There are 2 protein chains.
Amino acid sequence: MTETRGERKERTRRAILDAALALLEESSLVALSLRQVSKQVGIVPTGFYRHFDSIEDLGMALVDESFESLRAMLRDVRQGREGGAPGWMDIVDDSIGILDEHVHRQRSHFAFIARERTAGPPLVREAIRHEIELCERELATDLARLPGTDRWSTEDLRVLSGLIVTAMVAFAENTLHAVGRPGAEKLVVENARTQLRMVLVGALNWTSRP
Amino acid sequence: MTETRGERKERTRRAILDAALALLEESSLVALSLRQVSKQVGIVPTGFYRHFDSIEDLGMALVDESFESLRAMLRDVRQGREGGAPGWMDIVDDSIGILDEHVHRQRSHFAFIARERTAGPPLVREAIRHEIELCERELATDLARLPGTDRWSTEDLRVLSGLIVTAMVAFAENTLHAVGRPGAEKLVVENARTQLRMVLVGALNWTSRP
DNA sequence: AGTTTGGGTGAACGATTGTTCACTCAAAGT
DNA sequence: ACTTTGAGTGAACAATCGTTCACCCAAACT
């Protein structure tokens, strides 16, 4: 059983991405060297260039990959909601549960996003910012579909989405920081649950300005 | 007019801190080299060790300094509130205005915190996390002093404070990202204002679980 | 007046960095 | 069967990195 050329290339490309993700759990892209990655993969430094132009280029690929998995999660959240119309608070509990599970399963992806969102090279930062803004938009249209949002201006829906996304980003960060401390983990989840409920109580009592 | 020994030392120490803050506006501590800082200050690399043990040590000093200025700001926020009892929404407007002004005046400090909070060396990250947690506690006791928080458990007050602080951190980050784009700046402020109002509407309609 | 202290200097070290170039050699294309 | 392609190699480069050491000299102390 021999390996086709493209297969082999894709395999080392994956190895590079995985090696980078592993190294980036404890440091940042701006401090990551091409040679560290090569060594971890088991190839010679120059081999790196066959797959990426630079560390920043690698970072852009990781942004794509990370948000691909994040979008898969968001599909899960929506899917868990369709069929039947559970109460607001059930939506909160389910969504946070799913997010929590995904953060654990894709730990390195979320850790990457959390770090490079503020510390990465400018292009990477901008790409992450853009992706998060897309998430906000999608959440806004989702919220618009729910009953009880009649009195909301589209502008206020966007602002509310921003608030929720901000809280969820913070929740993901806190979850990452709490892994391995089981007590702290439960606390972080409960914290996020209550916060989202508070926001929702605010939302349900909100009336957009004329 | 000669300079006393301690004065001279303090002057170069400040120069190092300032040089680091300037360099850290576009990069991160983990990518900052001792030699860059020395060159920017105008001293030889070894001179650095007369003031700090390492870059991480410098980072800890910057954490102290940054949160000292942040605490000064929080005093302003409280002071602007005492005397007279303006409405909730006035408190929101005033607080955000003050925060906005301070982010501009201490841009490099806030940029430092925003970056190293997630990307800095472990000790620096932990120090920043601790300081922010202190801010949450202080906000919680402040909120407890306000009228209308009778039906709130102290636990829920803490959770609410966490939500507000999270939103304010995000606001500061957005403000930093918007500097130089006057339109965007006004939008960011208006965004934060509305979000805080939403949270407050939620808070005013909240009843802690029995 | 004589001695100590300590901020700043400058050379030197071994290690690591990104990038170049000329190479191999097996898979893919002819 | 013969040629081309391209992933991976290995040597070499000029820079930069953190850290060491011995040194200077003016302020501070005795």
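Being a predicted model, the structure only gives us computed values, none of them experimental. Protein chains get the first letters and strands the later ones, always in sequence-line order, with residue 1 at the start of each.
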_Rounded to whole Å, how long is the line connecting atom NZ of Lys9(B) with atom P of dA28(D)?_
13 Å
*Would you name the heavy atoms of Val103(A) and Ala172(A) that are closest together and state the gap between them?*
CG2-CB, 4.1 Å
_Check whether Gln195(A) reaches the backbone of Val159(B) with its side chain - one donor and one acceptor, N or O, closer than 3.5 Å._
yes
_Minimum-distance nucleotide to Ser33(A) side chain [options: dA28(D), dT19(D), dG18(C)]_ = dG18(C)
*asked:* Output the pairing pattern of DNA chain C as a dot-bracket string, 5' first, Watson-Crick or G-U wobble with both distances under 3.5 Å, | for cross-strand pairs, [ ] for crossing pairs.
replied: |||||||||||||.|||.||||||||||||
*Are the side chain of Glu116(B) and the backbone of Leu29(B) linked by a donor-acceptor contact shorter than 3.5 Å?*
yes
*Quick one: list whatever passes side chain to side chain contact (heavy atoms under 4.5 Å, CB included) with Arg158(A), sequence neighbours left out.*
Glu133(A), Arg137(A), Ala140(A)
*asked:* Please report the distance, rounded to the nearest Å, between CZ in Arg8(A) and P in dA28(C).
replied: 12 Å
*Once you round it to whole Å, what is the distance between C1' of dA28(C) and CD of Glu7(A)?*
14 Å
_Between dA15(C) (P) and Lys39(A) (NZ): distance, integer Å_ = 12 Å
_Within this structure, what is the CG-CH2 distance for the pair Leu196(B) and Trp88(B), rounded to the nearest 0.5 Å?_
11.5 Å
*Residue list, side chain to side chain contact (heavy atoms under 4.5 Å, CB included) with Thr46(A), at least two apart or on another chain*: Val44(A)
*Base, sugar-phosphate alone, or nothing: which one does Gln36(B) contact when heavy atoms must sit under 4.0 Å apart?*
sugar-phosphate
*Check whether any side-chain N or O of His102(A) sits under 3.5 Å from a backbone N or O of Ile98(A) as a donor-acceptor pair, and report yes or no.*
yes
*asked:* Quick check: on DNA chain D, is the nucleotide nearest Arg35(A) upstream (toward 5') of the one nearest Ile43(A), or the reverse? Name the residue that is more 5'.
replied: Ile43(A)
*Any donor-acceptor pair under 3.5 Å linking the side chain of Ser54(B) with the backbone of Asp57(B)?*
yes
*Gap between atoms CG and C1', on Leu32(B) and dC17(D) respectively (whole Å)*: 12 Å
*asked:* Any salt bridge linking Arg105(A) with Glu101(A)? Criterion: basic side-chain nitrogen under 4.0 Å from a carboxylate oxygen.
replied: yes
*asked:* Would you say Ser28(A) and Ser28(B) are linked by a side-chain donor-acceptor pair, where the criterion is simply a distance under 3.5 Å?
replied: no
*Check: Glu173(B) main-chain N/O paired with His177(B) side-chain donor or acceptor under 3.5 Å*: no
*Write down the distance between CG (Leu34(B)) and P (dG8(C)), rounded to a whole number of angstrom.*
14 Å
*Would you please name every residue forming a side chain to side chain contact (heavy atoms under 4.5 Å, CB included) with His104(B), sequence neighbours left out?*
Asp100(B), Thr175(B), Val179(B), Glu185(B)
*Expressed in angstrom and rounded to an integer, what is the separation of Glu3(B) atom CD from dG8(C) atom P?*
10 Å
*Output the residues of residues 45-64 of chain A in contact with DNA chain D, where contact means a heavy atom of the residue under 4.0 Å from an atom of the strand; sort by number or write none.*
Thr46(A), Gly47(A), Arg50(A), His51(A)
*Write down the distance between CZ (Arg11(A)) and C1' (dA27(C)), rounded to a whole number of angstrom.*
15 Å
*Nucleic acid contacts of residues 14-30 of chain B, taken as heavy-atom distances under 4.0 Å to DNA chain D*: none
_Side-chain donor/acceptor contact of Arg5(B) with base of dG7(C) under 3.5 Å_ = no
